Each structure stands twice: as C-alpha cells, then as structure tokens.
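Atoms within each ligand, like the ligands themselves, are counted from 1 in listed order. Just so we're clear, the structure is a prediction, and the values are computed from it rather than from any experiment. Residue indices begin at 1 and follow the sequence shown.
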Amino acid sequence: MSEATVHLGSGKVRELYALDAERLLLVASDRISTFDVVLPTPIPDKGRVLTGLSAFWFARTRGIAPNHLLALRDDGRSLECRRLEMLPVEIVVRGYLAGSGWKDYTATGQVCGHTLPAGLREADRLPEPIVTPATKAETGHDLNIGEDEAARICGHERYAAARDAALDLYRFGEEHAARRGIIVADTKFELGVDQEGAVVLGDEALTPDSSRFWPLDGYEPGRGQPSFDKQFVRDWCEETGWDKTPPGPELPQEVVDGTRGRYVEAFERLTGLPFARYLEDPSTVL
Ligand code: Q0Z
C-alpha cells in the first residue's frame with residue numbers, strides 16, 4: 001500500500017482507505033463475526049474469498065448496473081474503487097422468507113410494507129423477490145424502513161433506480177448461484193451516486209457476508225436453514241454455552257479448517273474456478 005494511503009474507517013471485518021480524491025481502497029480481513037460479535041480467531045483466506053467473489057460479480061454484472069470497481073489488487077483481498085456519494089439506505093433484496101422478514105411475516109403477514117400470501121413457511125421462496133430498505137445505523141442493528149420512506153430519504157428517482165438495479169442484480173446472482181447449488185436467500189446492496197449523477201453499485205456484492213447463503217442440498221422449508229459458510233462456527237459457539245456478548249471464544253483448529261473449507265467451496269462453486277488459481281492470479285475472476 002502507498003505511504004499516502006489514509007485510513008478512513010473500519011467495518012467489523014473490513015478496512016476502508018482513501019487512495020486519492022477519487023479513489024478508495026476496500027480491504028477485506030480474515031476476521032469473522034457471528035451473533036454480531038467479531039471472534040478473536042481469523043479464518044485464513046476469508047478476506048480473499050470475499051474480495052474474489054465481489055470482483056467476480058462486479059465483472060459479470062456491469063451490464064446490469066454500473067459498479068465502483070476500478071481494480072483488483074494482486075494481494076487478492078483489496079479492491080480499488082471509485083469514490084461515490086453513498087445513499088443513506090441499504091437495499092436488501094429478499095427472495096426467501098428468513099431472518100427479520102420471517103419474524104415480521106409471522107407477526108403481521110407483511111414484510112416491510114409488502115403483503116405476502118398467507119400460509120408461507122419459514123425459508124419458503126417468495127413468489128417474487130421483494131426489496132426491504134434499511135437505514136445504516138452507526139451502532140447496533142440496521143433499521144428496516146418502508147420503500148416509501150426510503151424514496152423520501154434518497155429522492156424518488158434515485159431510490160427507484162437503486163431498487164431496480166438491486167432487484168436485477170439479485171435475480172442474476174440468485175439464478176447463477178442456484179445452478180451451482182447455493183441459495184441466495186437474501187442480500188444487501190449499497191449503492192451510491194457518481195460524479196455524473198448515475199446510481200452505481202458500491203461496497204461488496206453477493207458475498208456470504210452481505211447475503212444469506214444456504215446449501216441447496218437439504219433445503220427444506222418449514223425450519224431455519226443452515227448457513228452455507230458460518231454454520232460450523234455457530235454450532236460450535238452454541239455448544240460452548242457462550243452468552244454471545246464480547247469477547248467471543250477462540251475457535252478450535254477443526255472449526256477454523258471446516259469454515260475455511262466452506263468459504264473456499266462457495267468461491268469455487270460460484271466462480272467455477274479453483275481457489276488455488278485465484279491465489280496465484282486474482283485477475284482470473286475478472
Ligand atoms: C463504503 C465500509 C469498509 C468501513 C463508505 N465506493 C465508495 N464510495 C464512498 N464510500 C464508500 C464506497 Cl465503497 C463506503 N463504506 C462501508 C467499508 C470499512 C466502511 F471496508 N463506507
């Protein structure tokens with residue numbers, strides 16, 4: 001990294017740097033979070049898997065929506081990006097009934113203002129994907145809002161462009177992943193506006209950290225589905241009796257290895273490329 005690089009901020013598992021007035025550097029670490037707590041034990045190559053997947057999707061969805069990717073660095077974990085004016089809402093697209101969507105549906109029959117058919121089960125596929133925006137809470141959880149409120153916050157035209165892009169991106173990713181044995185139950189997009197005023201996809205895209213990935217094998221609505229990537233970590237954390245407040249537990253080697261294997265498997269299934277080739281030459285995903 002150049003000595004002029006300025007650290008702008010830290011996410012739970014990522015770092016953001018300024019390269020110059022127009023460009024940012026997004027660096028994915030090997031940290032993993034579960035139950036909203038970052039664990040002390042890294043998962044080797046997790047940052048490379050997520051960066052490689054984001055770059056793969058950015059390269060393949062340019063025709064669906066423009067995105068902020070300028071370059072994938074040779075370290076495999078850093079993306080050079082165009083600096084955008086980020087929209088103050090996240091665009092969540094849900095194709096399946098899970099998480100807070102399932103909770104809201106059981107209580108009201110609706111999810112963020114979308115009335116859904118009666119009789120849906122947990123983890124059922126929705127008749128059509130729905131968009132459920134959320135405000136980026138600086139601390140704590142994201143707050144789901146209605147599309148009407150998101151449109152007021154972003155401006156109606158900008159919100160409509162962001163929603164349309166998010167739906168098209170989700171449909172593309174969900175269909176691609178399903179053919180490779182992974183259900184993308186839902187995913188979160190962060191979009192921004194470039195200097196020309198165009199709505200542009202930013203942040204990460206269709207990664208296991210920004211999405212709920214489920215294995216298609218064994219998919220069975222009517223119960224919660226296992227996470228494709230984090231289930232070993234969750235199961236082990238539950239077994240220890242940890243109360244889910246910081247600090248999280250150190251992971252044993254077999255949980256680290258099993259989890260790394262799941263991330264690598266997601267990468268290889270979705271990209272169709274051996275992860276070893278990505279490590280040799282990250283540009284192989286572009
Ligand atoms: C992304 C984030 C991270 C902390 C700002 N292209 C862009 N233009 C302007 N801003 C952003 C982007 Cl991606 C931007 N974040 C999220 C990422 C660490 C916060 F790695 N914040």
Give the atoms of ligand 1, by number and element, whose distance to some non-hydrogen atom of [X] is under 4.0 Å.
X      : value
Arg83  : 8 (N)
Leu24  : 7 (C), 8 (N), 9 (C), 10 (N), 11 (C), 12 (C)
Asp203 : 1 (C), 13 (Cl), 15 (N), 16 (C)
Ser10  : 4 (C), 18 (C)
Met86  : 7 (C), 8 (N), 9 (C), 10 (N), 11 (C), 12 (C)

More than 12 heavy atoms from other groups under 6.0 Å of CZ on Phe275: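 It does: Phe275 CZ has more than 12 such atoms within range.
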
Heavy atoms of other groups near Gln110 CD, more than 12 under 6.0 Å: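 Count over threshold, so yes.
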
Between Asp243 and Thr245, a side-chain donor and acceptor under 3.5 Å: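 Side chains of Asp243 and Thr245: pair found under 3.5 Å.
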
Lys46: which of Asp30, Asp209, Asp229 passes salt bridge (charged side-chain N to carboxylate O under 4.0 Å, His left out):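 With Lys46 as partner, salt bridge (charged side-chain N to carboxylate O under 4.0 Å, His left out) holds for just one option, Asp209.
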
Glu15 and ligand 1 - part of the residue with a heavy-atom distance under 4.0 Å: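 Within the 4.0 Å criterion, Glu15 contacts ligand 1 through backbone atoms alone.
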
Per-residue contact class, Leu26 against ligand 1 - non-hydrogen pairs under 4.0 Å: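 It is the side chain that touches ligand 1; the backbone stays farther off.
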
Top protein contact for atom 2 (C) of ligand 1, by heavy-atom distance: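 Residue, atom and distance for the closest contact: Arg14 NH2, 3.9 Å.
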
Indicate yes or no: does an N/O atom of [X] lie under 3.5 Å from an N/O atom of ligand 1?
X     : answer
Arg82 : yes
Leu84 : yes
His68 : yes

